Amino acid sequence: MMTLHIRTRDHKETRLELPMPPEKFQRQIQSDFGTAGPFCVAHIDGPIPNMKGHFQGLTAAGYSTLVKLNRLAEITDGMSLPERFHLDKALSTSFPQGLDTVLQTAAHIKATAPDCYEVLPGIATARQLGEWLLERGRVGEAAAKQLRPHLNMESLGQAYLFEHKGAFLPEGYVGVKDGVEPFDIFQLRLGSTSNSGVLLSLPAIDDQMEKARKELEVEDLSQAAVSEIRFSVFCSYLEDFLPLDGITLENANQLAEYLWDPETVNPIKFRAALEAERPATFSEALVIAQGLEYYTFVPQNPAEYARDKLQLAGVDGKAFDILEGYTDFERMGEDIMKAEGVRQTEFGPIRRVSVPFPEEPDQGFQMGGPM
């Protein structure tokens with residue numbers, strides 16, 4: 001369930017409980033607002049905590065944006081807790097993501113290997129998690145008996161949350177089970193003249209790098225050859241689109257560090273950008289990851305995209321009513337998409353924010369293109 005607190009420019013306010021059937025949704029908007037606009041989303045309550053920051057103060061002319069939010073509520077309502085967990089992680093970026101990007105991310109997010117997740121309904125704070133761990137002997141039976149009066153439950157819960165890459169959702173805690181995937185993003189198999197079977201988990205810290213160097217018996221890890229890459233459950237979606245030509249330990253660790261930080265990368269957008277750009281080398285893929293703010297999803301429907309563009313240009317609800325009978329919004333949207341170089345991907349249409357994609361997809365990735 002998603003609750004929208006919306007108001008119009010004449011300060012009329014109401015709440016919408018989403019999702020609701022399209023017919024009922026349209027009747028309520030007409031009853032509460034008529035054709036007034038633009039609407040403003042003053043506040044949003046929902047099952048994905050990190051979604052709120054992306055929609056605060058969101059404006060919408062007519063029904064198009066509210067219809068998208070209703071669709072988003074339908075999608076999140078049908079998600080499992082692990083899927084909501086992944087969506088929350090994808091939306092924890094430090095930069096705002098547009099409604100179309102959030103909608104496409106939600107539509108395609110999926111929890112790989114659902115048995116890998118620990119779900120604790122009703123556990124909503126670090127203190128509650130710490131108490132739950134202690135009561136079930138997860139910190140050791142001796143510690144549970146002898147140290148209970150002295151343990152900081154909140155610190156205990158926070159440590160567990162960090163170690164298991166967990167998150168608190170309104171329904172409870174979700175995180176990775178003990179023993180699942182000892183590596184964070186992916187593993188590289190490194191080889192040298194004296195050793196061909198050293199696995200290194202990435203991102204790696206200096207001590208792990210030094211251990212691998214000693215096992216390979218090389219002076220510097222730049223002398224090691226990468227013979228294999230293994231993807232974790234968190235980035236298996238990259239397997240068919242991340243080129244391995246030109247991969248080195250240095251750029252692989254750099255990408256792993258970038259993907260490991262949820263404030264930098266929306267995984268669905270990165271996957272779509274890789275599909276659209278088709279980079280030829282690992283270094284080019286790294287450039288894409290570092291410039292994801294230069295890509296944005298757009299609506300699948302060309303007519304919807306045309307209406308969005310008119311809305312951004314200041315066309316209000318009454319003007320839309322007049323235009324409806326005289327405008328081929330489908331053709332307008334197709335023309336706009338062509339001019340902006342929009343490319344279709346498995347996860348929805350995407351475009352560069354500045355320099356458009358080339359008209360011919362086979363021209364491939366252009367270094368510095370998204371900048």
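Computed from a prediction, not measured in an experiment: that's the story for all the values here.
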remark   = side-chain hydrogen bond (donor to acceptor under 3.5 Å, both in side chains) filter on Glu340, not counting sequence neighbours, yields Tyr305, Lys309, Arg351
note = Contacts of Asp220 meeting side-chain hydrogen bond (donor to acceptor under 3.5 Å, both in side chains) (sequence neighbours excluded), chain-then-number -> Ser222
If the threshold is 4.0 Å, N to carboxylate O, is there a salt bridge linking [X] and [Y]?
X: Arg352; Y: Glu277; result: yes
X: Lys211; Y: Asp207; result: no
X: Glu215; Y: Arg213; result: no
X: Lys214; Y: Glu219; result: no
X: Glu275; Y: Arg343; result: no
X: Glu23; Y: Arg27; result: no

Is the backbone of [Y] close enough, under 3.5 Å, to the side chain of [X] for a donor and an acceptor to pair up by distance?
X: Thr345; Y: Phe347; answer: yes
X: Thr101; Y: Thr296; answer: no
X: Glu284; Y: Ala280; answer: yes

query = Going through the checks in order, is the side chain to side chain contact (heavy atoms under 4.5 Å, CB included) test met by Ile247 and Leu188?
reply = CA-CA 10 Å; Ile247 187 173; Leu188 293 185; 4.0 Å; yes
query = Cut-off 3.5 Å, side chains only: do His164 and Tyr117 have a donor facing an acceptor?
reply = no
request  = May I ask you to check whether Asn251 and Thr248 show a side-chain donor-acceptor distance below 3.5 Å?
outcome  = yes
query = In terms of the angle between their ring planes, are Tyr160 and Tyr173 parallel, tilted or perpendicular, with boundaries placed at 30° and 60°?
reply = tilted
Just so I know, are the side chains of [X] and [Y] near enough to count as touching, which here means a heavy-atom distance under 4.5 Å?
X: Leu221; Y: Leu216; answer: yes
X: Leu72; Y: Met2; answer: yes
X: Lys68; Y: Pro299; answer: yes
X: Met20; Y: Phe25; answer: yes

Check the hydrophobic clustering (I, L, V, M, F, W, Y; side-chain heavy atoms under 4.5 Å; chains of links allowed) and say if [X] and [Y] are grouped together.
X: Leu103; Y: Met1; result: no
X: Met209; Y: Val218; result: yes
X: Val226; Y: Leu199; result: no

request  = Would you please test Lys338 and Glu334 for salt bridge (Lys or Arg N to Asp or Glu O under 4.0 Å) and show each step?
outcome  = CA-CA 6 Å; Lys338 183 177 180 180; Glu334 290 173 355; over 6 Å; no
